[in-house]
Amino acid sequence: MPAARESLLDAAFTALARRPWSAVRMVDVAATAGVSRQTLYNEFGSKDGLARALVRRAADRYLAGVERALAGSAEPRERLTAVAEWTSAAARENALVRAMLTGCWSERLPAPPLAAVPSSSTVPAQRRADGPLPTPHDLVRIVRDRAATALAGPAAGPVDTAELAHPCELVVRLALSCVAAPPGEGGVAELVRAVVSAPTPTAGAR
């Protein structure tokens with residue numbers, strides 16, 4: 001039941017904005033979503049399962065935003081600027097994204113183990129989100145590789161893509177530094193344009 005699942009995750013996220021995760025009650029999440037508590041347990045298995053699904057959704061939505069940023073312009077440096085701006089904004093607006101990108105989990109947040117979690121629950125694994133959750137290193141690598149692939153173009157070879165990996169990783173790490181210490185006038189975009197020269201188009205991108 002995808003609609004109920006999204007409603008439950010929305011309700012849990014709203015509750016988390018108002019109180020620490022330790023004080024969020026499953027019965028309240030279910031009531032806010034307009035379903036029974038049994039439906040909540042059927043969908044996620046436990047409060048820990050709900051936490052993992054909440055974190056997984058935040059990661060997936062962040063990465064979907066990266067894809068949109070990479071698709072928004074034909075100019076390589078503007079694509080990287082958009083990725084940096086999205087990363088900074090997403091971390092500023094969503095505490096779960098900020099925690100995943102920085103590794104700093106406050107006491108207010110759920111902090112599920114990042115490793116895969118074995119479970120004997122009858123709830124399907126993809127709904128429990130039992131697989132590994134991304135570390136900050138994982139997210140940097142994923143964004144770097146997606147950006148390099150997008151900038152290199154569909155006809156590029158491994159060497160072309162590898163040459164773009166360094167500037168792409170630099171931009172991601174620059175964005176993360178802006179999460180910790182917000183930039184002044186000009187914002188993230190000015191910093192990216194100042195330190196990253198326009199990546200040279202490869203043969204595959206022409």
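Side chains included, hydrogens not; waters and symmetry mates left out as well; all remaining heavy atoms used.
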Exercise. First locate atom CZ of F13, then atom CZ of R18, and finally report the distance between them rounded to the nearest 0.5 Å.
Key: 11.5 Å
Quiz item: Got V188 and T81 here, is their nearest side-chain heavy-atom distance under 4.5 Å?
Solution: no
Practice problem: Assess whether side chain to side chain contact (heavy atoms under 4.5 Å, CB included) is satisfied between E43 and V35, documenting all intermediate values. | Solution: CA-CA 11 Å; E43 191 65 31; V35 301; over 6 Å; no
Exercise. Measure the shortest side-chain to side-chain distance between L63 and L139 over non-hydrogen atoms and say whether it is less than 4.5 angstrom.
Key: yes
Quiz item: Which pair of heavy atoms, one from P167 and one from L80, lies closest together, and at what distance?
Solution: O-CD1, 4.5 Å
Self-check item: Qualifying residues under side-chain contact (heavy atoms from CB on, under 4.5 Å), relative to V179, sequence neighbours excluded
Solution: A91, R98, T102
Exercise. Would you please test T32 and T14 for side chain to side chain contact (heavy atoms under 4.5 Å, CB included) and show each step?
Key: CA-CA 9 Å; T32 300; T14 298; 5.8 Å; no
Quiz item: Could R56 and D60 be called an ion pair, given the rule that one side-chain N must be under 4.0 Å from one carboxylate O?
Solution: yes
Quiz item: What distance do L9 atom CG and L16 atom CG have between them, rounded to the nearest 0.5 Å?
Solution: 12.0 Å
Self-check item: Beyond-backbone contact of L151 with E163, side-chain heavy atoms, under 4.5 angstrom
Solution: no
Quiz item: When rounded to the nearest 0.5 angstrom, what distance separates CG in L40 from CZ in R5?
Solution: 10.5 Å
Quiz prompt | Residues R61 and E6 bridged, charged N to O under 4.0 Å | solution = yes
Practice problem: Provide the closest heavy-atom pair for G103 versus P136 in the form atom of the first, atom of the second, distance. | Solution: N-CG, 3.5 Å
Quiz item: Passes side chain to side chain contact (heavy atoms under 4.5 Å, CB included), V143 versus W86? Steps please.
Solution: CA-CA 12 Å; V143 176; W86 163 248; over 6 Å; no
Quiz item: Sequence neighbours excluded, which residues qualify as side-chain hydrogen bond (donor to acceptor under 3.5 Å, both in side chains) partners of R68?
Solution: none
Self-check item: Taking every non-hydrogen atom, the tightest pair across Y62 and A90
Solution: CD1-CB, 4.0 Å
Exercise. Look at the side chain of R92 and the backbone N and O of P182, then say whether any donor-acceptor pair between them is shorter than 3.5 Å.
Key: no
Practice problem: Decide yes or no for C168 and V83: does some side-chain heavy atom of the first lie under 4.5 Å from some side-chain heavy atom of the second? | Solution: no
Quiz item: Counting only N and O atoms by type, is there a donor-acceptor contact under 3.5 Å from the side chain of R52 to the main-chain atoms of P113?
Solution: yes
Practice problem: Would you mind reporting whether F44 and V29 have side-chain heavy atoms less than 4.5 Å apart? | Solution: no
Quiz prompt | Separation of M100 CE from L114 CG (nearest 0.5 Å) | solution = 10.0 Å
Self-check item: Heavy-atom closest contact (S73 atom, R79 atom, distance)
Solution: O-NE, 2.6 Å
Practice problem: Could you walk me through whether R144 and R141 pass side chain to side chain contact (heavy atoms under 4.5 Å, CB included), step by step? | Solution: CA-CA 5 Å; R144 177 201 68 197; R141 174 182 51 79; 3.4 Å; yes
Quiz item: Could you state the interatomic distance from CG (L96) to CG (L101), rounded to the nearest 0.5 Å?
Solution: 11.0 Å
Self-check item: Validation row: L174, S177 side chains within 4.5 angstrom (heavy atoms)
Solution: yes
Exercise. Using the test side-chain hydrogen bond (donor to acceptor under 3.5 Å, both in side chains), find all partners of T135 that sit at least two apart in sequence or belong to another chain.
Key: D138
Quiz item: From L50 CG over to W21 CH2, what is the distance, rounded to the nearest 0.5 angstrom?
Solution: 4.0 Å
Quiz item: More than 12 heavy atoms of other residues, nucleotides or ligands under 6.0 Å from CD of Q38: is that the case?
Solution: yes
